[in-house]
There are 2 protein chains.
Amino acid sequence: MSANSRLTIAAHSLTWIGLYQRRGHEVATSEQIATSVNTNPVVIRRLLGELRGAGLVDSRRGAGAGWTLSRDLAAITLLDVHRVVEPGPVFALHRATPDPDCVVGRGIGPAIKAVYDDVEAAMQRELARTTLEDVLRDVLAAD
Amino acid sequence: MSANSRLTIAAHSLTWIGLYQRRGHEVATSEQIATSVNTNPVVIRRLLGELRGAGLVDSRRGAGAGWTLSRDLAAITLLDVHRVVEPGPVFALHRATPDPDCVVGRGIGPAIKAVYDDVEAAMQRELARTTLEDVLRDVLAAD
DNA sequence: CACAGAAATAACAATTATTGTTACAACAAG
DNA sequence: CTTGTTGTAACAATAATTGTTATTTCTGTG
C-alpha cells in the first residue's frame, strides 16, 4: 500500500486550526492548512469533510468561509481522529474461507481474531491517552 | 489497499505445519498448506520463504520436499511472525515535508511520532503474549 | 542415469487504497 | 454582482496484496 498518513494529516490539520483560532482568527481555510501540511487543498477538504461528519469540525461556505473546531483541542484525542480516518481493523482475517474439512481451517479464524481484538484494544488505549492539546503543547515546547 | 491478511496466513501456515509434524509427518508441502488456507501454493511459498529468511522454518527441495518448523510452536510468538511479514510502521508520517516556516509544520512530526512509537510498542506487547502453541490449543479446544 | 515431485522464481493481471491534481458547481458575504 | 471558498466529481499515478501461470532447479527414488 502506499504510506498511510491519514491520521498524521488529520491531526496536523486539526492542531493547526486550533492554534490559528487561539491566535484570534475566526476560520481557517483549506488553502492555509494545505500550505502547512504541504499538500493539495482538496486532500485537506476531503479529510476534514470526514471529520465534520464525526462532529469534530464545522465548515462555512461562501466568501470568508473556512473551518472551525467543534470542540476544544483538549477534548479531541488521537483515538477520536483515528476512529474517523482509519476505520476497519489493522489485520484482516482470511480473504477466502479456509478449508472447513481441516481442524486448523475451522478454528484458526476465531482463535486469531481474539488476539487481534486485544491488539486493537491496546492500540486504542494508547491513542486515547493523547489529546490534540498534548500534541500542540509538545509542538510549541519544541520550538 | 487490499485487505492485509499476511499475518493471518502466515500464522495459519505455521500452525498447520506444527500440527502436521506433531501427528508424525516429516514435512508439509505448500500444496497441502494452501488447501487448508484456501489459496494458491505460490502464495504460501512466498510467505514461508520470508519466514525462512527469519529462521522460523526450513525447506527441503527435490522429491519428498516441503517445509518444517525450525522451532517448536511454543517458541514462536505472533510478534515473531509479525516482525517478518509486516515490517514498517502502522502509521506513516507526512509523505512530503511540512512547511518549515510554520510552527506546527516544524514540530508536528516529532510530536506525533512519539505517540506512534508508544502505540507500536503496545501492539508488540500484545502480539508477544501469544505463541502459536496458544493458537493451536485454542484451535483444538474449539473443535 | 532417468524420472517424478516439489520448491524457487519470474512475470503478469486484478483489485484496492492512498495521494495528488484539475475542473467546476454551489454558496454566501460584501 | 463579484469574489473567495467549500463541495464534489473525475482522473491519473503509485504502490501493496493476492492470485495465477509457466518455467527452472533441485533431490530422492527406482
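- In terms of phosphate contacts, B:Arg45 brings a side-chain nitrogen or oxygen within less than 4.0 Å of OP1 or OP2 of C:dA7.
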Distances under 3.5 Å between nitrogen or oxygen atoms of protein and nucleotides 28-30 of chain C:
| residue | atom | partner | partner atom | Å |
| --- | --- | --- | --- | --- |
| C:dA28 | N3 | A:Ala63 | N | 3.2 |

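- Rounded to whole Å, atom P of D:dT5 lies 12 Å from atom CD1 of A:Ile33.
- Taking hydrophobic clusters as Ile, Leu, Val, Met, Phe, Trp and Tyr residues chained together by side-chain heavy-atom distances below 4.5 Å, B:Val85 shares a cluster with B:Leu73.
- Ion pairing of B:Asp143 with A:Arg106 is present here, as a side-chain N (NZ or NE/NH1/NH2) and a carboxylate O approach within less than 4.0 Å.
- Nearest nucleotide to the side chain of B:Arg95, out of C:dT19, D:dT18, C:dA8: C:dT19.
- Proximity of A:Ser5 to the phosphate of C:dT18: no side-chain N or O atom is located under 4.0 Å from OP1 or OP2.
- Between the P atom of C:dA7 and the CD atom of B:Glu50 lies a distance of 16 Å, rounded to the nearest Å.
- Without hydrogens or angle criteria, A:Ser70 side chain to A:Val57 main chain gives a donor-acceptor distance under 3.5 Å.
- The CD1 atom of A:Ile44 sits 12 Å away from the P atom of C:dT21 (whole-angstrom rounding).
- The separation between A:Asn40 atom CG and D:dA12 atom C1' is 13 Å, rounded to whole Å.
- The interatomic distance linking A:Arg52 (CZ) with D:dT6 (C1') rounds to 8 Å, in whole Å.
- Residue A:Arg46 places no side-chain atom within donor-acceptor reach of the base of D:dG7, judged by atom type and a 3.5 Å distance cut-off alone.
- Judged purely by distance below 3.5 Å, without hydrogens or angles, the side chains of A:Ser36 and B:Asp99 never pair a donor atom with an acceptor atom.
- Counting to the nearest Å, the C1' atom of C:dG5 and the CD atom of B:Gln32 are 12 Å from each other.
- Between C:dA6, C:dT19, D:dG19, one nucleotide has an atom nearer to the side chain of A:Arg6 than all others, and that is C:dT19.
- Where A:Val42 and B:Gly66 each meet DNA chain C at their nearest nucleotide, the meeting point lying more 5' is that of B:Gly66.
- At a cut-off of 3.5 Å, with distance as the only test, no side-chain donor of A:Ser5 or B:Arg95 sits close to an acceptor on the other residue.
- Between B:Thr39 and D:dG19 there is a side-chain polar atom (N or O) within less than 4.0 angstrom of OP1 or OP2.
- Going from atom CG of B:Asn4 over to atom P of D:dA15 covers 18 Å, rounded to whole Å.
- Contacts of A:Gly49 with the nucleic acid, taken as non-hydrogen atoms under 4.0 Å apart, are absent.
- B:Leu7 places its CG atom 11 Å from the P atom of D:dT18, with the value rounded to the nearest Å.
- The shortest distance between the side-chain N/O atoms of A:Ser59 and the OP1/OP2 oxygens of D:dT5 is not below 4.0 Å.
- Comparing B:Pro41 and A:Glu86 by the nucleotide of DNA chain C whose heavy atom lies nearest to each, the residue mapping closer to the 5' end is B:Pro41.
- For residues 116-135 of chain A, the set of pairs meeting the ring-ring contact (aromatic ring centres under 6.0 Å, His included) definition, not counting sequence neighbours, comprises A:Phe91-A:Tyr116.
- Scanning all heavy atoms of the two residues, the minimum distance from A:Ala65 to A:Arg60 falls at CB-O, 2.7 Å.
- In terms of phosphate contacts, B:Ser30 brings a side-chain nitrogen or oxygen within less than 4.0 Å of OP1 or OP2 of C:dA7.
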Less than 3.5 Å apart, which donor and acceptor atoms pair up between the side chains of residues 41-51 of chain A and the rest of the protein, not counting sequence neighbours?
| residue | atom | partner | partner atom | Å |
| --- | --- | --- | --- | --- |
| A:Arg45 | NE | A:Ser30 | OG | 3.1 |
| A:Glu50 | OE1 | A:Arg6 | NH2 | 2.9 |
| A:Glu50 | OE2 | A:Arg6 | NH2 | 3.2 |

